[in-house]
Amino acid sequence: MSDWTGEVLRSGDVYEIRLLNMTIPDRVDPPDELPTIIAGRGWITVNSEHEATIKYDFSAFYAWGTTPLADEPAVSGITPDATVTEVIHRMRMDVALP
């Protein structure tokens, strides 16, 4: 599996995150199969300077040669009626150790 890569798009106070990843089920080098593309989309809300919430409303697997987030996925994961929420906490830098 590759590292996740993506972009954050801003529209006013709303932030959209789009993520992509590639995975190959083969463990041989070079692989016998083309990669599968995993795509996801979420919406970021900044709660404070130390916390943000990401609500993912879409994830899917795409066959090689298709365009993620535009073409029909091979398999859908997260859907708008079954979102996944992630809360990210940033470690405060002003905390003193005892």
According to a 4.5 Å side-chain heavy-atom criterion applied to Ile, Leu, Val, Met, Phe, Trp and Tyr, with indirect links allowed, do Leu19 and Ile38 form part of one hydrophobic cluster? yes

Count I, L, V, M, F, W, Y as connected when their side-chain heavy atoms are under 4.5 Å apart, and connections chain through other members. Are Ile24 and Trp4 then in the same cluster? no

Hey, which of Thr67, Leu20, Leu69 is the one that makes side-chain contact (heavy atoms from CB on, under 4.5 Å) with Ile37? Leu20

Output all residues satisfying side-chain contact (heavy atoms from CB on, under 4.5 Å) with Val87, sequence neighbours left out; order by chain, then residue number. Glu51, Thr53, His89

Drop me the distance from Glu16's CD to Asp57's CG, to the nearest 0.5 angstrom. 8.0 Å

Under 3.5 Å donor-acceptor, Thr83 side chain and Lys55 backbone: no

Which value, rounded to the nearest 0.5 Å, describes the distance between Trp43 atom CH2 and Leu9 atom CG? 8.5 Å

May I have the step-by-step check of side chain to side chain contact (heavy atoms under 4.5 Å, CB included) for Tyr15 and Ile54, ending in yes or no? CA-CA 9 Å; Tyr15 296 88; Ile54 304 176; over 6 Å; no

Taken to the nearest 0.5 Å, the spacing of Trp64 CH2 from Thr36 OG1 works out to 10.0 Å

Is the number of heavy atoms from other residues, nucleotides or ligands under 6.0 Å of Phe61 CZ greater than 12? no

Which atom names give the shortest non-hydrogen contact between Ala52 and Ile44, and what distance separates them? CB-CG2, 4.4 Å

With sequence neighbours left out, the residues meeting salt bridge (charged side-chain N to carboxylate O under 4.0 Å, His left out) with Glu7 are Arg18

Nearest 0.5 Å, what's the CG-OG1 distance between Asn21 and Thr23? 6.5 Å

Do Tyr56 and Val75 land in one hydrophobic cluster if side-chain heavy atoms of ILVMFWY residues count as linked below 4.5 Å? yes

State plainly whether one hydrophobic cluster holds both Tyr62 and Leu34, where clusters connect Ile, Leu, Val, Met, Phe, Trp and Tyr through side-chain heavy atoms under 4.5 angstrom apart. yes

